[in-house]
**Student:** 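This structure is in structure tokens; I'll ask about it shortly.
Per chain, numbering begins at 1; letters A, B, ... match sequence-line order.
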Number of protein chains: 4
Amino acid sequence: MSCKRDDIFNAARNLIAECGFHGSSVALIADRAGVGAGTIYLYFKSKDILINELYQDIEKRISAFILEDYPGTRPIRERFVHLGTRLLTYFIANPLDFRYVEQFYYSPYGAAFRRDRIMGEPGTCKHTVYNELFEQGVSQQILRDLPLFVIDSLAFGPLLAVARDHTLGFITLDEHLLEEIIVASWDSIKR
Amino acid sequence: MSCKRDDIFNAARNLIAECGFHGSSVALIADRAGVGAGTIYLYFKSKDILINELYQDIEKRISAFILEDYPGTRPIRERFVHLGTRLLTYFIANPLDFRYVEQFYYSPYGAAFRRDRIMGEPGTCKHTVYNELFEQGVSQQILRDLPLFVIDSLAFGPLLAVARDHTLGFITLDEHLLEEIIVASWDSIKR
Amino acid sequence: MSCKRDDIFNAARNLIAECGFHGSSVALIADRAGVGAGTIYLYFKSKDILINELYQDIEKRISAFILEDYPGTRPIRERFVHLGTRLLTYFIANPLDFRYVEQFYYSPYGAAFRRDRIMGEPGTCKHTVYNELFEQGVSQQILRDLPLFVIDSLAFGPLLAVARDHTLGFITLDEHLLEEIIVASWDSIKR
Amino acid sequence: MSCKRDDIFNAARNLIAECGFHGSSVALIADRAGVGAGTIYLYFKSKDILINELYQDIEKRISAFILEDYPGTRPIRERFVHLGTRLLTYFIANPLDFRYVEQFYYSPYGAAFRRDRIMGEPGTCKHTVYNELFEQGVSQQILRDLPLFVIDSLAFGPLLAVARDHTLGFITLDEHLLEEIIVASWDSIKR
DNA sequence: GATGAATGAGCGTTCATTCAT
DNA sequence: CATGAATGAACGCTCATTCAT
């Protein structure tokens, strides 16, 4: 048994992942979700809001997945490997989520979203498990002494790039390759 | 003295960099370029063709810039540092080019463009100065023994990520920071 | 009680009859039909399709009208008089239908339509009640021994011409005049 | 040696005959005429005026052709046969003129043109050689006692219809067939 | 005279959104 | 709650017309 809100989420994600925002009209999303076009507006005030809430929904699921069995008290490196591995694993298992996130991230939607999130934070930067990890790593002199944003980019930039190669079929990420990539990523941030 | 074609290129790049493809109608581009809407069609057969030619134009300029003084006969590492540094330097100096390229790259335009380019190549993969460098690096056992696509992603994924942070104003890339980032990137691909 | 599809049909016919295809934009048709411009596309995939379906609709109504009480077993002459009279009567009663059909027929739309129809026919030429009549007439040596196309043109060329004069107000076709014209037309095809 | 005005006339006639008014932009006409687009406006105030003047030009040439050797003092029938034969002969020899005239005639251009011509006449109807002929024919009780417009339509309706069949390739008008058609046409107007 | 680059109103069409049912 | 017919503003694009050269 499914609820219409989820049907809409799934339809929107699949369609946008495949066809982009431009190729995904509300009517098409409604069609694929098996609901009337008007119904979408019962659950979301506008298409933009649907797009944003869908992103946050996926983010939440990703977050939940990578935090499963998170070894929060183990060494920095082990924790990083866990997070990186889980993230890549998630994207490999859920290529549509990856495609959607990517489309969102690099569009004006993503720019606005990030700007809002950063503006909305009272502290110096958003507080996530990554940031906590990187902050500790820097202060313990395990990671390079670089701004958190930079470490973030060094660490996840390559992971997202290989995830893209994988979803586009340019490479096939097996467990072994995945491990090597995580290690390489670690080597770029560790002191 | 300016020519209308360049005015249109600049207006399109600036507007799309800021507002995305969706938010950049032909009328708006024409307005900003200070020309009539019809004039755009004197220089470009369609909006799509304008978008693609603009991308190729920027790519050409980037390519010319990073190949200036390229030390093609020096060690792998030095060559890599040159390329990475020049690339980031270009993006810092031309943030609108970066925003445009990024939007293009992750949109259906970019997907189609890459598909065409890969299909059009007779060899196994496109031949660029990067690939040559990475191929040599791998065969000389200076770089990790990973698929070229992966090395590419490891090397440039983080560079593009920090360029993004910079253009969004999250960090400020000075010469020193830039150097550290390039080194970090090198550390993730070197053996 | 009216349905929007019919409203659009009527508005399109009236406007095109008066102003031609060129002078009948979708916006104008929608206006006259009392619907939004987008509504037209709920009922017709494109303006071209609207134009073609409208023609076929009128053709069907004409066909139904002239075949009413058709004395299919009576002499050739009587049958011809029936068909000619009914046809002219229809055009007199529905001058907008006549103007539309005429515009359609002599435009590229009509050329394409006839081409398709002739191509689509398995036999040597389209089978209509006219052709059947003329074929019989020729083989029974009641009509001149001329190609069917020619008999067709001899018979209907003048009828359409006088219908045109009537709709333009140059003449007024009363019952008596109509009868004389049909007889004249008959005289040009009979042996 | 050719003059630009004639080049434009020819290009316009050929293009419109083939592609209709809709498919014949000023730029295309200029191209085919081998002149600049602006040049057309040196010779014609607007596209509409070009179209109308072109029609009148063709009409004049047709008129000149059918009046060659016109046996103005011979019996009505002979004169009619002359006019009809010459008219059909002209259209067979100049199919592009026929196609143009036809397109013009049945479009709003033609309707307006005829209306203007009739309005412009102080007498009951326009004075042409046809009308003179038909008037005499009626008053001498050689032709049916019908309004001139009707005789006109009876006489020329079928001729134009067979000319159309010929230009479309449905029939081939040789000298013999042509003669039979003229006779048939005569039979419909003669008493 | 002759040009053709430039224009912008207007085209056919799409689609996010609304609302009567 | 749910619908989908209806909307009209906005889209990409065309083309008759103008005007600086």
**Student:** Measure the acute angle between the ring planes of D:Y109 and D:F104, then classify it against the limits of 30° and 60° as parallel, tilted or perpendicular.
**Tutor:**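 Parallel.
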**Student:** Across all strands shown, which nucleotide pairs with F:dC11 by Watson-Crick or G-U wobble geometry, both distances under 3.5 Å?
**Tutor:**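 Check on F:dC11: paired to E:dG12, both distances under 3.5 Å.
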**Student:** Once you apply the 3.5 Å cut-off to both distances, tell me the Watson-Crick or G-U wobble partner of E:dA20, or none.
**Tutor:** F:dT3
**Student:** 5'-most contact on DNA chain F: B:D48 or C:A37, nearest heavy atom basis?
**Tutor:**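 The residue mapped nearer the 5' terminus is C:A37.
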**Student:** Rounded to the nearest Å, what distance is computed from the CG atom of residue C:D31 to the C1' atom of nucleotide F:dG8?
**Tutor:**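 Rounding to the nearest Å, CG of C:D31 and C1' of F:dG8 are 11 Å apart.
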**Student:** Passes side-chain contact (heavy atoms from CB on, under 4.5 Å), B:F91 versus B:R164? Steps please.
**Tutor:** CA-CA 9 Å; B:F91 283 144; B:R164 190 155 41 246; over 6 Å; no
**Student:** Side-chain N or O of A:Y41 versus OP1/OP2 of F:dA2: is the shortest distance under 4.0 Å?
**Tutor:**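 So the side-chain polar atoms of A:Y41 never come under 4.0 Å of the phosphate oxygens OP1 or OP2 of F:dA2.
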**Student:** Between A:G38 and D:F21, which has a closest nucleotide on DNA chain F that is more 5'?
**Tutor:** A:G38
**Student:** Give one of base, sugar-phosphate or nothing for B:F44, where a contact means two heavy atoms less than 4.0 Å apart.
**Tutor:**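 No contact.
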**Student:** Need to verify one output field. Residue with the more 5' nearest nucleotide on DNA chain E, C:H22 or A:K47?
**Tutor:**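 In this pair, the answer is C:H22.
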**Student:** Heavy atoms only: give me the nearest A:I51-A:Y100 pair and the separation to one decimal.
**Tutor:** O-OH, 2.7 Å
**Student:** Taking the six-membered ring of B:Y105 as reference, does the cationic atom of B:R114 (NZ for Lys, CZ for Arg) lie under 6.0 Å from its centre and within 45° of its axis?
**Tutor:** yes
**Student:** If you look at every strand shown and take non-hydrogen atoms under 4.0 Å, does A:T39 touch a base, only sugar-phosphate, or nothing?
**Tutor:** base
**Student:** Could you tell me the separation between the CD1 atom of D:I29 and the CZ atom of D:R13, rounded to the nearest 0.5 Å?
**Tutor:** 12.5 Å
**Student:** Start at the 5' end of DNA chain E and walk down; is the nucleotide closest to A:K45 or to B:I40 reached first?
**Tutor:** B:I40
**Student:** How close or far is atom P of F:dG12 from atom CD1 of B:I16, stated in whole angstroms?
**Tutor:**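 That distance rounds to 10 Å.
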**Student:** So if I take every side-chain heavy atom of A:V35 and compare against F:dG12, F:dC15, F:dT3, which nucleotide ends up nearest?
**Tutor:**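 Nearest to the side-chain atoms of A:V35, counting from C-beta on, is F:dT3.
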**Student:** Is any side-chain heavy atom of D:P108 less than 4.5 Å from a side-chain heavy atom of C:Q103?
**Tutor:** yes
**Student:** Picking from B:F21, B:F113, B:F9, what satisfies ring-ring contact (aromatic ring centres under 6.0 Å, His included) with B:Y55?
**Tutor:** B:F113
**Student:** Base, sugar-phosphate, or nothing for B:V26, non-hydrogen atoms under 4.0 angstrom?
**Tutor:**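 Touches sugar-phosphate only.
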**Student:** Go through DNA chain E in 5' to 3' direction and return only the first and the last nucleotide with some atom under 4.0 Å of chain B's heavy atoms.
**Tutor:** E:dA5 to E:dG8
